[in-house]
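Worksheet: the structure to be examined is printed underneath.
Whatever order the structure lists them in is the order used to number ligands and atoms, beginning at 1.
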Amino acid sequence: MDEKFKKFKLAVAQFGQEQLLDAYNMLEKTQDKEEFLKESLTIDYNQVKTLYEESKKTQGSTEAKIEPINYIDKSKMTKEEYAEYESIGVQEIKAGKLAVVTMAGGQGTRLGHSGPKGTFDLGLESHKSIFEILTDTLKEEREKYGIDIPWYIMTSEENNAESEKFFKENNYFGYPAKSIKFFKQGKLPMLSKQGKILIDEKGHIKQAADGHGGVFHSLLKGGMIEDMKKKNIEWIFVGGVDNVLVKPVDPILIGLSIKKKVLIAGKSIVKANPQEKVGVFCKRNGRPSVIEYSEIKPEMAEELDQNGELKYGESHILCNLFNIKAIEKISNEYLPYHIAVKKAKYTDGSGNVVMPEEPNAYKFEAFLFDAFENIDDMIVMRVKREDEFAPVKNATGTDSPETARELYKEFHLKIK
Ligand code: UTP
């Protein structure tokens, strides 16, 4: 304890985070103090300092050369091409080379559901939760290919216990429990605008999930990459938890990637209109990337190609396929952190809990698509919105349970 305390005191003094010492002193129970100390020593204070310094700089490189990216339209493939990709892909799936990663570590603030987003009841007659809907899809594929597809679910520190419990209580919705593995994503301290690490309402260090880009490092740290390698996994589909039409097992995408010899492939859907608030695939300084809606200039968003289609019209829907080699490489590399200013409850120096009226805290998040720039080329495959994209983001309006429910019902009526 003494050694740990000495280390802690030294670190906070060196990095100007003495408010942590005050917070520690305010705790009464020995166990709380011990936990605080333990957590404080997991923090990389140097990284916190760098992140804060970065927050003072303007984000995004204005000098980056942005160009449209080539894509392949799944619906326009010739019969021969389709059959060839399918045959290659099916072979891989049947050989047990595919795994699925679902990223369920987000906070789901816009939806406003109190539990993990996956536990949300979509409002179908069956009252299935999002987790059950995703499991249904994997169960269908299991039957189709006669193989258990390993499923890795990324949770966060806050929602891990509840997510795991939900699956367990529901008997994993009939999917083999041995094929499901949960792993937690990383977290980073939230900072005040002055760069001080905040204390949460319970007197602990305030930390938040490090963004969906944290998935690569968390897969590595959680031993999941090792597990995948033991299972001879070659391809990993990585998707979000909140798309109830996600198609994680897609032989065409796998076959296409193998045929074109790429290590990463992403699915896109056509942007509904130039103003739609979605990121689109592009080339950035010659490398595959995604340009966010906040980053793209209006005139660029409206540019048309020779076919009258948007030049930047391939929306990124967080449905990507990675070769294990790409996952390994990225998991060992640095992804930049993006800074968001959030309203965050905290405990002040006098021990009072403050709920600020205005955004007061810096949150740092890595974005999955920043990883694309780590490789020379990737395939973008355009799929149909109505077949593969029904997101649950907002409580009402666009991309809400209501719109997702309708899309889900329409799709399932169509394939009956
Ligand atoms: P979003 O960016 O839509 O965030 O995540 P969110 O947390 O679900 O919702 P809001 O913005 O708070 O309303 C897209 C996907 O990435 C996952 C989410 O769970 C979702 O599946 N994600 C996001 C993580 O797994 N970890 C994160 O840190 C952030």
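Closest approach of Ala366 and Tyr337 over heavy atoms only: N-CD2, 3.6 Å.
Some N or O of Gly108 is nearer than 3.5 Å to an N or O of ligand 1, by distance alone. Between Leu111 and ligand 1, a contact under 3.5 Å exists for no N or O pair. Below 3.5 Å of separation, one finds an N or O of Gly105 facing an N or O of ligand 1. In terms of N/O distances under 3.5 Å, ligand 1 is not approached by Ala209.
Counting non-hydrogen atoms of other residues, nucleotides and ligands closer than 6.0 Å to NZ of Lys329 gives a total above 12. No more than 12 heavy atoms of other residues, nucleotides or ligands lie within 6.0 Å of CD in Glu143, so this atom counts as exposed by the packing criterion. Around the CD atom of Glu226, the shell of radius 6.0 Å holds no more than 12 heavy atoms that belong to other residues, nucleotides or ligands. A 6.0 Å sphere centred on CD of Gln91 holds no more than 12 heavy atoms belonging to other residues, nucleotides or ligands. Counting non-hydrogen atoms of other residues, nucleotides and ligands closer than 6.0 Å to CD of Glu357 gives a total of 12 or fewer.
Those atoms of ligand 1 that come under 4.0 Å of a heavy atom in Met154, given as number and element, are 25 (O). Per-residue contacts place Ala104 under 4.0 angstrom from the following atoms of ligand 1 (heavy atoms of the residue considered): 19 (O), 25 (O). Of all atoms in ligand 1, listed by their number and element, those nearer than 4.0 Å to a heavy atom of Lys117 are 8 (O). Taking a cut-off of under 4.0 Å to the non-hydrogen atoms of Gly240, the atoms of ligand 1 that pass are 21 (O). Residue Leu318 approaches ligand 1 through these ligand atoms, each under 4.0 Å from one of its heavy atoms: 14 (C), 15 (C), 16 (O).
Between Ile130, Asp399, Val101, Asp242, it is Asp242 that holds the heavy atom closest to atom 20 (C) of ligand 1. One option in Met103, Lys363, Gln185 has a heavy atom closer to atom 26 (N) of ligand 1 than any other, and that option is Gln185. Looking at Ile153, Val215, Thr109 and measuring to atom 10 (P) of ligand 1, the nearest heavy atom belongs to Thr109.
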Pair His338-Phe367, ring pair (Phe, Tyr, Trp, His ring centres under 6.0 Å): steps then yes or no: CA-CA 8 Å; His338 299 251; Phe367 293 163; 3.9 Å; yes
Steps toward salt bridge (charged side-chain N to carboxylate O under 4.0 Å, His left out) verdict (Lys187, Asp210): CA-CA 5 Å; Lys187 50 188 182 171; Asp210 60 359; over 6 Å; no
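Looking from atom 19 (O) of ligand 1 to the surrounding protein, the closest heavy atom is Gly106 N, 3.0 Å. Regarding atom 11 (O) of ligand 1, its nearest protein heavy-atom neighbour is Arg110 NH2, 3.1 Å. Of the protein's non-hydrogen atoms, the one nearest atom 16 (O) of ligand 1 is His212 CD2, 3.5 Å. The nearest heavy-atom contact from the protein to atom 7 (O) of ligand 1 is Gln107 N, 2.8 Å. When hydrogens are left out, the protein atom nearest atom 3 (O) of ligand 1 is Lys393 NZ, 2.6 Å; that is the closest non-hydrogen contact.
One finds no salt bridge joining Lys271 and Glu314 here, because no Lys/Arg side-chain nitrogen approaches an Asp/Glu carboxylate oxygen to under 4.0 Å. Salt-bridge check for Arg284 with Glu295: passed, with a basic side-chain N closer than 4.0 Å to an acidic carboxylate O. Between Asp377 and Lys283 there is a salt bridge, since at least one side-chain N of the basic residue sits less than 4.0 Å from a carboxylate O of the acidic one.
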